[in-house]
Amino acid sequence: FLLVLCVSFVIKNNANYRFNLLLKKKGEEVSKSDYECVYLYAWCTLFRYFLILSAINPIILFFYKF
């Protein structure tokens with residue numbers, strides 16, 4: 001499980017870095033309608049929520065046992 005979390009964290013940071021580079025390259029106005037920017041932003045958001053849920057899940061399970 002820890003390996004999956006580490007790989008997800010690396011992928012999220014890579015996608016976030018690529019998104020920031022693409023945003024600088026295309027500009028803010030063009031990036032709002034560009035499919036590549038939207039796709040990368042969706043990946044960043046997906047991995048961000050996955051990491052948040054993965055961190056909260058053990059806490060919820062810990063309190064659920066009581």
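In this chain, residues are counted from 1 in sequence order. Just so it is clear, the values below take in all heavy atoms, side chains as well, and ignore hydrogens, waters and symmetry mates. Because the structure is predicted, anything quoted here is derived from the model rather than measured.
I56 belongs to a hydrophobic cluster with Y49, I52, I60, counting contacts under 4.5 Å between side-chain heavy atoms of Ile, Leu, Val, Met, Phe, Trp and Tyr, direct or through other members. When hydrophobic residues (I, L, V, M, F, W, Y) are linked wherever their side-chain heavy atoms come within less than 4.5 Å, V38 remains an isolated member.
Only one option out of Y35, Y41, W43 pairs with Y39 in a side-chain hydrogen bond (donor to acceptor under 3.5 Å, both in side chains); it is W43.
Residues P58 and F62 form no side-chain contact, since every pair of their non-hydrogen atoms from C-beta on lies 4.5 Å or further apart.
Put simply, NZ on K25 and CG on D34 are 9.5 Å apart, with the number rounded to the nearest 0.5 Å. For the atom pair F47 CZ and S8 OG, the distance stands at 5.5 Å (nearest 0.5 Å).
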Hey, can you pull the donor-acceptor pairs under 3.5 Å for the side chains in residues 10-22, sequence neighbours left out?
from	atom 1	to	atom 2	distance (Å)
N20	ND2	N16	O	3.4

